[in-house]
2 protein chains.
Amino acid sequence: MRGSGFRNDIGGEQVKCAHDELPYRIGDKWTAHVLRGLQDGRRRFTELRAGMPVVTPKVLTETLRAMERDGTVTRTEYDENPPRVEYELTEQGHKLLGLLDLCCEWARENLVET
Amino acid sequence: MRGSGFRNDIGGEQVKCAHDELPYRIGDKWTAHVLRGLQDGRRRFTELRAGMPVVTPKVLTETLRAMERDGTVTRTEYDENPPRVEYELTEQGHKLLGLLDLCCEWARENLVET
DNA sequence: CCGCATCCTTTAGGATACTG
DNA sequence: CAGTATCCTAAAGGATGCGG
């Protein structure tokens, strides 16, 4: 899938990108939901999934793996049976969540109702 | 294409979205480039296009039309021959550009070099 | 010059089924 | 429970050519 992340240059600044042109992958379909789902603390895979619109485990896993690579979430695996895995936002993840809030605020204030 | 914009609900907040989950369409491939290209003032279609990576006129037009509908750019058509059209950021567009800057800043500070 | 029409490719994301 | 493995669909985006 998107994997390693690309290099790009918007306005002369080198940034790491999701789909080439936008800094980071907030633009994809599920990252924002993960940020929201983890804003109040660590959650298990199933908890997280239950707290958002219907998404297949495959896609949610891909999203989480990408966010882990990018350093916005951590993944903790417990050696139990049945298995247990918990995800948590990193400091950077929380900062990104703050940006998401700003975007939502902008949208509310500036986009007219259709 | 994407057209009218969708309603969505992230963290209990209603926002207008591009691809359903993210407030607004910054997440697409060309909006960020348009914001950068117009940050210093009005530009003609060809000027704008020349100042960014290779994009077909069709796709750039679609992007501009969408941004126009959303109120982030204005389109001014002059009755000349050959035709001349100029695009300019609105107040809202400039605010959005500010958010883009924050995202770039976040990316630079928080994403490790691969 | 500023597009629009048409056709085509790529890929994010979804459906379904199955394991350690 | 927490995922993989396969296959498939939809839609964003690209290539090319024409027109006012």
Side-chain angles (χ1 to χ4, degrees), chain A residues 1-6 8 17-22 24-34 37-38 42-69 73-88, chain B residues 1-6 8 17-22 24-34 37-38 42-69 73-88:
Chain A
M1 57 169 297
R2 45 145 247 136
S4 46
F6 307 84
N8 206 329
C17 304
H19 20 323
D20 294 30
E21 317 306 352
L22 209 242
Y24 203 57
R25 64 193 311 273
I26 327 183
D28 74 350
K29 188 162 179 182
W30 296 103
T31 296
H33 285 291
V34 170
L38 296 179
R42 38 204 303 129
R43 293 284 182 272
R44 305 180 57 159
F45 184 84
T46 309
E47 287 177 311
L48 184 58
R49 188 165 170 234
M52 58 179 68
V54 177
V55 57
T56 61
K58 177 205 158 204
V59 172
L60 182 56
T61 301
E62 285 173 353
T63 305
L64 286 166
R65 292 284 187 279
M67 294 179 72
E68 199 187 350
R69 276 197 302 274
V73 301
T74 57
R75 177 181 184 277
T76 314
E77 192 171 352
Y78 297 87
D79 195 10
E80 301 176 0
N81 202 306
R84 184 168 130 241
V85 175
E86 290 185 351
Y87 293 92
E88 188 174 17
Chain B
M1 55 170 299
R2 45 145 247 135
S4 47
F6 308 85
N8 206 328
C17 304
H19 20 322
D20 294 30
E21 317 304 351
L22 209 241
Y24 204 56
R25 65 195 310 275
I26 328 184
D28 74 351
K29 189 163 180 182
W30 295 103
T31 296
H33 284 290
V34 170
L38 296 179
R42 39 201 307 127
R43 293 283 182 271
R44 305 181 57 159
F45 185 84
T46 309
E47 288 177 311
L48 184 59
R49 188 164 170 237
M52 56 179 70
V54 177
V55 57
T56 62
K58 176 203 158 205
V59 172
L60 182 56
T61 300
E62 285 171 354
T63 305
L64 288 165
R65 291 286 186 277
M67 294 179 74
E68 198 187 350
R69 277 195 302 275
V73 300
T74 57
R75 178 180 184 277
T76 313
E77 192 172 353
Y78 297 87
D79 195 8
E80 303 175 1
N81 204 307
R84 182 168 131 240
V85 175
E86 290 185 351
Y87 293 92
E88 187 173 19

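Numbered from 1 within each chain, the chains take letters A, B, ... in sequence-line order.
Considering A:Thr74, A:Thr31, A:Leu38 in turn, A:Thr31 is the only one that fulfils the side-chain contact (heavy atoms from CB on, under 4.5 Å) rule with A:Met67.
Under the 4.5 Å side-chain criterion, counting only non-hydrogen atoms from C-beta, B:Arg75 is in contact with B:Arg65. Looking only at side-chain heavy atoms (C-beta outward), A:Tyr87 and A:Val34 stay at 4.5 Å or farther from each other.
A side-chain donor-acceptor contact under 3.5 Å links B:Arg49 to the backbone of B:Val55.
When the side-chain nitrogen and oxygen atoms of A:Arg65 are compared with OP1 and OP2 of D:dT4, one or more of them lie within a distance under 4.0 Å. The phosphate of C:dC1 (OP1 or OP2) has no side-chain N or O of B:Arg49 nearer than 4.0 angstrom. Listed pair A:Arg44 / D:dG3 fails the phosphate criterion, with no side-chain N or O lying under 4.0 Å from OP1 or OP2. Between A:Arg84 and C:dG20, a side-chain N or O to OP1/OP2 separation shorter than 4.0 Å is absent.
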At under 4.0 Å between heavy atoms, which parts of nucleotides 14-20 of chain D does protein reach? Answer with one letter per nucleotide, 5' to 3': B base, S sugar-phosphate only, - none. BB----B
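When the side-chain contact (heavy atoms from CB on, under 4.5 Å) test is applied to A:Thr46, no partner is found at least two apart in sequence or on another chain.
As rounded to whole Å, 13 Å separates atom P of D:dG13 from atom CE of B:Met52.
Listed here is the closest heavy atom pair of B:Arg43 and B:Gly37: CG-O, 3.6 Å.
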